[in-house]
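Worksheet: one structure, shown below.
In each ligand, atom 1 is the first atom listed, and ligand 1 is the first ligand listed.
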Amino acid sequence: MPLPTMAGMSELVIGAHVDQTDPIAEAQARRAPVVQMFLGDPQGYKGPEVAYAGGAAALREAAAAAGVGIYVHAPYIVNVATTNNRIRIPSRKLLQQHMDAAAEIGALGLIVHGGHVNKADDPAKGFDNWRKAVEATDIKVPLLIENTAGGDNAMTRYLERIQGVWDAIGSAEGADQVGFCLDTCHAHAGGNALESVVEDVRAITGRIDLVHANDSRDDFDSGADRHANFGAGRIDPDLLASVVRDAGAPVICETPGGADEHVADFAWLRERL
Ligand SMILES: [Zn+2]
């Protein structure tokens, strides 16, 4: 169930990516109504694990009781677009496993990177692999495809590729449950003008379901993916705030540090909304 979004108001829902052991305590330490976490190893094929004491059902109950919404970030290694069978097939499996686990904990959404095809591949193959992945996945909570900063032949770095993915998945069963997660660091480092990125993405996807609000340690179009705390990176502060404001979606800060740094980032952002 999506949280209500209040575009144009200062009461945007803002939280952070946190450690997965006790996301409720992490949310409370930040006074955040939403958090994001991994389920298990973000770099491994082993499959999701619920680290919370008592497991998935206990976490679901505790989150509901505390009024904390949880987003799950799929492992970074998931690449459902690739033409390499030995990566695409396990990626699909891992995505489904995370989808199942996300539903078990009552997550608000599952975020997955757009992935990429090999350097010599026709991107159209990646678009079609995305269609197949959506069709093959039993989507139980919204699947939010995130833009990436770099990667050779990436599916969701540039707008034209995002358009290709969306055109391909549009006809797939379950496409209405597929949304978009806009990462500000990735958009900037990926070479997309933040002045228009919200409008540009919405023109393609019709929706922005979640914002990953991050400053970037690197320059525009650098292709690098290194997040920074707000004001400590290369993104113009007003521009960063305007993206968050215009998107009008729940916000997850994936910025460095723990509760103190995140609380400072929330305050920095709220001051500028
Ligand atoms: Zn992100």
Exercise. Near the Zn ion (ligand 1), is there an N/O/S atom from H212 that is less than 2.8 Å away?
Worked result: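 Checking H212: at least one N, O or S atom is under 2.8 Å.
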Exercise. Does R131 pair with D128 as a salt bridge, N-O distance under 4.0 Å?
Worked result: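 Answer for the salt bridge query: yes.
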Exercise. Are D176 and R207 within salt-bridge range, i.e. N to O under 4.0 Å?
Worked result: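 No, no charged N to carboxylate O under 4.0 Å.
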For this session: Could you tell me which non-hydrogen atom of M37 sits nearest to which non-hydrogen atom of L39, and how far apart they are?
Result: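 The pair with the smallest heavy-atom distance is CE-CD2, 3.5 Å.
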Problem set entry | Option among H73, H227, H17, Q36 that satisfies the side-chain hydrogen bond (donor to acceptor under 3.5 Å, both in side chains) test with H212 |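 Result: among H73, H227, H17, Q36, Q36 is the only option passing the side-chain hydrogen bond (donor to acceptor under 3.5 Å, both in side chains) with H212.
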Exercise. With the Zn ion (ligand 1) at the apex, how many degrees lie between OE1 of E254 and OD2 of D183, rounded to 10 degrees?
Worked result: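 The OE1/OD2 angle about the Zn ion (ligand 1) sits at 90°.
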For this session: Could you pull out the atom name of the N/O/S atom in E146 that is nearest the Zn ion (ligand 1)?
Result: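 Distance check against the Zn ion (ligand 1) picks out OE2 in E146.
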